[in-house]
Amino acid sequence: MKINNQDWSVFDVIRGFFPFHILISHVKYNLFSVFFWLLLFLIVGDSLGSAFGLNYLFLSPEYLGEVSALSFLFTGFALGGFIMGFNTFSYLKLGAYFPFFTTISKPFLKFCFNNALIPVSFVVFYLVRMSSFQMYEEYKEVGTVLIYALSFVAGIALFMLFSIFYLFPILRRKRNRRKEEHVEEPISSRIHKNEKWYNIFKVQTDRTYIYIGKNLRFTVSRSSQHFDKELVEEVYAKNRISSSLYELLTITVFFVLGLLSNYSFFEVPAAASIILLITICLMIFSALYSWLKVWTYPLILVVLIGMNYLSVNSNWFKYSSFAFGLDYSISDNYSIDRIVQLANKSGEESHLEYVQTLNSWKSRTDEKKPKLVILNVSGGGSRSAMWAMTVLNNVDNSMDNKLSRHTQMITGASGGMVGAAYYREILLRKHKGELKSKKNIQFVENMGKDMLNKLAFMATTNDIFIRYRKFDYAGNKYVIDRGYGFEAQLNENTNSILDHSLGYYKPYEKSGIIPTMIFSPTIVNDGRRLLISSQSLRFLTNDTVQGLNSCENIDFHDLLSKQNGDKVRFTSVLRASATFPMVMPMIALPTSPEIQLMDAGIRDNYGGKTTMEFLHKMKAWIDENTSGVIIVQIRDVKKIREDEMYKEVSFMDKFTLPFGNMYKNFPRVQDFNQDELLNLSKDAFSFPIDKVCFNLLEKKLDRISLSWHLTRQEREKIRNAFYSKENQESLKMLKELLK
């Protein structure tokens with residue numbers, strides 16, 4: 001092989017190929033930036049965050065509510081920014097190890113060409129994964145997928161061209177450069193080491209490389225033994241200035257996007273905002289490392305420790321997420337004494353009030369002793385929300401609304417409660433004459449609309465660094481965060497029909513027009529449950545048996561009697577019950593110390609615990625006024641799936657299983673406990689209890705992501721699941737019970 005008119009063997013070409021040497025240098029000296037590439041590979045490869053649909057943000061990015069060529073263009077443009085940030089950081093960090101770059105023109109541009117192995121590999125990997133996803137999950141045609149791919153590549157090229165010709169102007173060597181010309185010091189800082197970056201050349205041999213040069217041709221490197229030291233400083237200084245401007249521009253764009261996030265035009269695809277975030281992290285680390293070298297890591301550790309200290313001892317870095325509508329100017333004490341005091345309050349008045357609610361419900365059934373139906377809906381993000389709507393819509397339509405007439409209470413967790421709340425609101429609107437029909441299939445489709453994109457966008461542009469934006473609601477100001485983004489998207493998807501206060505539903509529940517909903521988010525501070533309803537639930541928190549009251553349940557209205565509990569936004573209550581760890585922020589309540597609420601599924605994912613407590617407290621009324629209880633359980637996962645199998649425990653499993661088992665099996669543990677509780681309680685009740693289950697995922701190999709985004713294929717699976725043999729048998733059983 002001839003290169004620069006010299007004969008080279010294949011072995012010599014491979015051994016001297018400069019891009020391979022850069023790749024090895026990344027592994028040796030630049031693992032920090034390689035780590036971000038690894039994250040992107042894992043996300044796109046469905047190996048990181050797949051359970052929460054993180055890969056969907058990249059493989060099917062949305063802009064202005066739809067997947068389009070423009071959304072891929074923005075995502076590609078953001079990736080181009082990350083690639084240039086990666087090249088900049090790599091050039092400043094690794095350039096010193098390859099002194100021959102000082103002997104060539106346009107050194108930064110040629111470094112980018114030779115540093116392209118990782119970026120090009122990722123782009124190819126992404127295009128393959130994206131094309132497969134769009135064709136098999138979203139059912140897109142080949143022509144459409146090709147347009148997406150071209151738009152993505154065009155976005156990358158657009159940013160790189162902009163960077164090279166504007167942000168990073170090429171330094172051309174001046175052949176007639178006067179040696180007496182003064183060259184300024186590139187960096188002036190008291191904390192910067194008084195050390196020339198090229199001192200490392202002194203301990204290096206003058207090695208020959210084959211690099212990608214002009215016109216993308218292979219070129220042999222020249223000797224750097226006689227390079228001009230002042231020229232090196234000038235090259236370094238101008239590229240350092242350009243990279244500083246790039247870092248400043250990237251951070252500015254990031255905060256501008258957060259500032260303008262209320263305008264849908266600026267709400268770029270979440271994948272683009274995530275890439276922008278990791279670009280900023282890389283740029284900040286690059287700046288710190290260029291100044292502090294190895295002291296960068298201790299500084300980051302000190303900053304994190306300081307932030308943690310200030311978050312406890314001051315108002316800095318608290319990052320609290322609020323339930324909109326509550327008055328946070330007043331905070332009541334939260335202590336063991338107050339918890340016991342609340343638990344010891346008489347529940348008689350609350351019990352009598354709820355009996356009136358039951359009487360109103362009974363009178364609307366027009367039956368002497370109706371069956372009392374309690375809905376239990378499981379958590380599971382958008383899949384559970386859409387599944388709950390699918391089941392309730394289909395069952396009620398096939399039974400001439402008999403299910404909704406007999407349903408008195410709804411409880412459960414997370415996405416299932418979102419779907420059930422939406423269906424309940426549709427029933428109310430139909431009753432008030434605001435809807436002609438509740439059979440519109442669009443209602444089901446609304447629960448399958450994306451909510452993850454806005455959630456991720458708000459997380460990256462508002463939550464990570466400084467929460468500097470606020471909004472007014474019910475006369476109070478609240479910080480905008482990803483919790484706000486979730487509620488805004490939910491209201492957008494449902495035409496804002498859920499945008500009420502919690503107290504708005506009280507008269508409709510008490511008159512039996514709609515079922516009562518009981519939410520039970522977990523109090524993270526001590527593991528107790530906060531019971532939330534439009535009505536007082538003190539009768540569920542008070543236990544008259546001396547010595548047996550563990551004060552497990554706390555009534556929302558008792559705890560926040562001074563903070564306008566009735567005015568809390570209903571979508572904030574839905575969010576409190578659906579706050580899956582890390583996906584959405586925990587909701588802080590106006591107490592001292594501040595208590596945090598998390599997903600109801602942590603304690604009662606299927607609503608069985610709340611149901612049994614309710615039946616126990618109301619058993620006398622139920623026995624006298626009904627012909628029994630039917631628990632309709634709408635589950636996202638079947639208890640025991642048909643193809644359930646177990647594998648041998650490997651060597652590594654023995655280390656990971658004790659920890660992974662707790663997360664993997666806690667829904668199953670809840671099932672075991674609640675089945676046991678139901679079996680034991682049946683003997684204590686004089687009325688019959690029947691249980692009917694509708695299951696979404698019936699087989700182990702069935703997969704629908706546990707996220708707030710559903711693909712077209714997943715939505716189709718949810719719609720079709722109702723017609724499975726087992727679910728049709730459940731429908732038949734329910735019809736028999738409600739005859």
Side-chain angles (χ1 to χ4, degrees), residues 19-20 22-23 26 33-50 53-64 66-87 90 112-164 212 216 268-279 282 450 452-453 456-457 703 705 707 709-714:
F20 288 158
I22 291 184
L23 186 62
H26 280 309
S33 59
V34 173
F35 168 75
F36 289 116
W37 281 113
L38 179 62
L39 283 181
L40 291 176
F41 271 105
L42 291 175
I43 292 171
V44 173
D46 203 16
S47 298
L48 179 67
S50 60
L54 189 58
N55 59 324
Y56 296 164
L57 298 176
F58 288 79
L59 300 177
S60 194
E62 291 193 7
Y63 178 65
L64 299 179
E66 63 180 11
V67 179
S68 63
L70 194 57
S71 65
F72 279 96
L73 181 73
F74 279 129
T75 304
F77 191 81
L79 183 64
F82 176 65
I83 291 173
M84 292 309 299
F86 169 69
N87 284 330
S90 301
C112 291
F113 291 152
N114 288 272
N115 193 38
L117 275 180
I118 296 177
V120 168
S121 298
F122 176 77
V123 170
V124 172
F125 179 68
Y126 174 85
L127 291 176
V128 171
R129 289 282 301 150
M130 182 274 292
S131 300
S132 175
F133 183 87
Q134 289 295 327
M135 287 190 290
Y136 297 110
E137 296 281 342
E138 298 288 358
Y139 305 138
K140 299 294 184 182
E141 296 179 354
V142 174
T144 302
V145 175
L146 182 60
I147 292 173
Y148 290 168
L150 292 175
S151 298
F152 179 75
V153 174
I156 297 174
L158 188 63
F159 190 94
M160 296 185 72
L161 289 173
F162 171 71
S163 300
I164 291 172
I212 300 173
L216 301 181
V268 299
S273 60
I274 292 172
I275 294 172
L276 185 60
L277 175 63
I278 64 176
T279 304
L282 181 62
D450 174 77
L452 185 60
N453 192 75
F457 175 78
R703 177 190 166 183
S705 64
S707 78
H709 179 94
L710 296 170
T711 67
R712 184 173 175 180
Q713 184 187 72
E714 288 175 335

Minimum heavy-atom separation for [X] to [Y], with atom names?
X: F457; Y: A270; result: N-CB, 4.0 Å
X: F82; Y: L282; result: CE1-CD2, 3.9 Å
X: C112; Y: N87; result: SG-ND2, 3.6 Å

[Y] backbone acceptor or donor facing [X] side chain under 3.5 Å:
X: S151; Y: F72; answer: no
X: Y63; Y: T75; answer: no
X: S121; Y: L117; answer: yes
X: S71; Y: S68; answer: yes

Look at atom OH of Y136 and say whether more than 12 heavy atoms of other residues, nucleotides or ligands are closer to it than 6.0 Å. no
More than 12 heavy atoms of other groups within 6.0 Å of F35 CZ: no
Quick check: do [X] and [Y] have side-chain heavy atoms less than 4.5 Å from each other?
X: W37; Y: I83; value: yes
X: L79; Y: V123; value: yes
X: L452; Y: E62; value: no
X: V142; Y: M135; value: yes
X: L40; Y: F36; value: no
X: I147; Y: T144; value: no

Spacing of [X] atom [atom1] and [Y] atom [atom2] [to the nearest 0.5 Å]:
X: L59; Y: L54; atom1: CG; atom2: CG; result: 9.5 Å
X: F86; Y: H26; atom1: CZ; atom2: NE2; result: 3.5 Å
X: E66; Y: D450; atom1: CD; atom2: CG; result: 12.5 Å
X: S60; Y: E137; atom1: OG; atom2: CD; result: 10.0 Å
X: I118; Y: S90; atom1: CD1; atom2: OG; result: 7.5 Å
X: I275; Y: T279; atom1: CD1; atom2: OG1; result: 7.0 Å

Indicate the ring-plane relationship of F122 and F41, choosing parallel, tilted or perpendicular according to the 30° and 60° boundaries. perpendicular
Below 30° counts as parallel, above 60° as perpendicular, anything between as tilted: where do the rings of Y56 and F133 land? tilted
Would F152 and M130 count as a side chain to side chain contact (heavy atoms under 4.5 Å, CB included) if you check the C-alpha gap in whole Å, the side-chain angles of each, and the deciding distance to 0.1 Å? CA-CA 10 Å; F152 179 75; M130 182 274 292; 5.6 Å; no
Give the intermediate values and the outcome of side chain to side chain contact (heavy atoms under 4.5 Å, CB included) for residues F58 and R129. CA-CA 10 Å; F58 288 79; R129 289 282 301 150; over 6 Å; no
